[in-house]
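Not measured: the values here are computed from a predicted model. All ligand and atom numbering here is 1-based and tracks the order in the structure.
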Amino acid sequence: MRSRVMALAPVPKPWIAEIHAYVAGKSSGADGRRLVKLSANENPLGTSPKALAARGEALVPSLYPDPDSVALREALGALHHIDPSRILCGTGSGELLAVAASAFAGPGDEAIYVRYGFSLYDIVIRRSGAVPVVAPDADYGTDVDGLLALVNEKTRVVFVANPNNPTGSYLPKGEIARLHAALPADVLLVLDQAYGEYVAPEDDDGGLDLAALQSNVLITRTFSKAYGLAGDRIGWATGAPELIEVLNRIRGAFNLSNAGQASALAAVQDQAFVEMSRRHNAAERARFVAAIDMLGNHGLRAVPSEANFSLVLFEGALTAEAAYQGLMERGYIIRWLPGQGLPHGLRITIGTAEQMDAIALALREMAEAAK
Ligand SMILES: *Cc1c(COP(=O)(O)O)cnc(C)c1O
């Protein structure tokens, strides 16, 4: 046997060693007390009762699920007018973001996302071996020109969340079309529409139409937000058959559970619940943003949001950290994001009317008391 220099333990690849694990929204305070959780953009209305019923009736746990989630893909295809062969399901859209990065980028390549973009992009890009390149934002929004300026011959994948998390910012259809048109044909545009169900139909960004026509656009969607099924881990993606075929090779073999497939299928068939969630969110978000606008003289401002959360910036005497602690003392856990370059921002999931009233009142009291 050839002699080899041995390490004392298995050594992770250098690009894996550089990954910081995903940080999830918390549900309890430092003292372990359970808090009202508005930190992970879950649906405050819960889950469609029809999905819950279907989940209960799901197939026997001792049997493997349908490996191809056929019934669910057919239902999604019928709803969105997409051939089911162009749809792929994943263990949350997180799995699909990871397989997209790994299939098309690797060591020596680059993949781009925007500053204040979804934190998972950095992880899935590094996991592929490629180098993440961070594009500048435009006042917390996606800057198409700033992003395009970073595209070079090493670029393989571009990730854009629309609406974006944690900012809530949204690019209109014309900007998405302009971004796509300027990308080389061999660069994959992953348009993450995790919050797509919350966007008013007339404000659609055209992503699904682009994915239907173009060979380098992948749309990812999730059941974790408006569908209220975050705990079942279900996502889906659509794009050209050639893209879907490649991603299918490396996704998890039985990536959706029996219960998950059953609940998601029933959830797709209950669009009334999704519509109710969208309306609730739009109304409560508008009320909350109006309350924050009233605190502008105290340095608070809400970044315009098309999602189910609001990023509030603290630019006066009351700091985001103090507001975060104060809300926790009042029983609410939200998201403070110093690790994402936003020590001055709090991302607050839009909850029930009562929860939003309580948070707006608490912020007002704290802002007025701060010196
Ligand atoms: C919540 C979220 C997702 C969804 O992730 P799942 O794995 O489907 O739960 C994807 N992208 C963004 C930007 C999100 O905020």
Side-chain angles (χ1 to χ4, degrees), residues 21-27 37-44 47 51 69 72 76 87-101 111-125 127 132 134 137 140-142 157-171 176 189-199 205 207 218-238 247 251-252 255-257 260-261 263-264 267-268 274 277 281 303 305-311 334-335 337 340 342 345 347-350:
Y22 183 76
V23 181
K26 295 187 191 146
S27 51
K37 186 184 179 198
L38 296 174
S39 61
N41 302 340
E42 292 142 330
N43 191 331
T47 310
S69 306
L72 175 57
L76 285 166
I87 294 176
L88 166 74
C89 291
T91 310
S93 50
E95 181 190 20
L96 301 170
L97 297 169
V99 294
I112 305 175
Y113 64 89
V114 181
R115 186 168 183 229
Y116 311 128
F118 185 37
S119 60
L120 196 60
Y121 302 152
D122 194 80
I123 296 175
V124 301
I125 293 166
R127 168 176 153 173
V134 182
D137 63 299
Y140 302 95
T142 298
V157 185
V158 170
F159 288 95
V160 172
N162 205 40
N164 183 42
N165 172 16
T167 62
S169 66
Y170 190 67
L171 284 182
I176 294 292
L189 173 61
V190 177
L191 193 58
D192 178 344
Q193 295 184 335
Y195 302 95
E197 287 79 11
Y198 285 113
V199 176
D205 68 8
L218 186 76
I219 301 293
T220 59
R221 289 266 186 142
T222 186
F223 283 83
S224 300
K225 308 288 159 57
Y227 280 106
L229 284 167
D232 274 352
R233 314 302 308 123
I234 306 148
W236 62 282
T238 184
L247 301 183
R251 68 167 167 89
N255 58 354
L256 267 66
S257 67
Q261 290 185 42
S263 55
V268 169
V274 179
S277 300
N281 183 65
V303 175
S305 172
E306 291 293 325
N308 67 339
F309 55 84
S310 173
L311 178 65
I334 56 171
R335 198 76 198 263
L337 295 158
Q340 286 188 58
L342 290 166
R347 192 197 67 191
I348 302 170
T349 302
I350 303 301

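Under a 3.5 Å cut-off, the side chain of S263 and the backbone N or O of A51 do not form any donor-acceptor pair. In this structure, T91 contributes its side chain and N255 its backbone to a donor-acceptor pair below 3.5 Å. Between the side chain of D137 and the main chain of R115, no donor-acceptor pair closer than 3.5 Å is present.
At a 3.5 angstrom cut-off on N or O pairs, R233 counts as close to ligand 1. For T222, a nitrogen or oxygen atom sits less than 3.5 Å from a nitrogen or oxygen atom of ligand 1, counting backbone and side chain alike. In terms of polar-atom proximity, defined here as any N/O pair under 3.5 Å, G94 does make such a contact with ligand 1. Not one N or O of Y121 is nearer than 3.5 Å to an N or O of ligand 1, by distance alone.
Not less than 6.0 angstrom separates the ring centroid of Y195 from the ring centroid of Y170.
Every atom of ligand 1 is numbered from 1 in the order shown, and the set under 4.0 Å from a heavy atom of A194 is 2 (C), 3 (C), 10 (C), 11 (N), 12 (C), 14 (C). With ligand atoms numbered from 1 in the order given, ligand 1 contributes 13 (C), 14 (C), 15 (O) to contacts under 4.0 Å with heavy atoms of N165. For ligand 1, the atoms closer than 4.0 angstrom to any heavy atom of K225 are 1 (C), 2 (C), 3 (C), 4 (C), 14 (C), 15 (O).
Residue contact check for ligand 1: G235 places no non-hydrogen atom closer than 4.0 Å to it. Ligand 1 lies nowhere less than 4.0 angstrom from a heavy atom belonging to F223. At a 4.0 Å cut-off, not a single heavy atom of N41 sits close enough to ligand 1 to count as contact.
Using a 30° and 60° split on the angle between ring planes, F118 and Y121 fall in the perpendicular class, above 60°.
The proximity of S93 to ligand 1, defined as any non-hydrogen pair under 4.0 Å, involves the side chain as well as the backbone.
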Begin with the C-alpha distance, continue with both residues' side-chain angles, and end with the deciding distance and a verdict on side chain to side chain donor-acceptor pair (under 3.5 Å) for N41 and R335.
CA-CA 10 Å; N41 302 340; R335 198 76 198 263; over 6 Å; no

Trace of the side chain to side chain donor-acceptor pair (under 3.5 Å) decision for Y227 with N43:
CA-CA 7 Å; Y227 280 106; N43 191 331; over 6 Å; no

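At a threshold of 4.5 Å between non-hydrogen side-chain atoms, the residues T238 and L76 do not count as touching.
Ion pair R233/E95 not flagged as a salt bridge, since none of the NZ, NE, NH1 or NH2 atoms sits closer than 4.0 Å to an Asp/Glu carboxylate oxygen.
Among all non-hydrogen protein atoms, the one lying nearest atom 11 (N) of ligand 1 is D192 OD2, 2.6 Å.
Proximity annotation for atom 9 (O) of ligand 1: of S224, P166, G92, S224 comes nearest, heavy atoms only.
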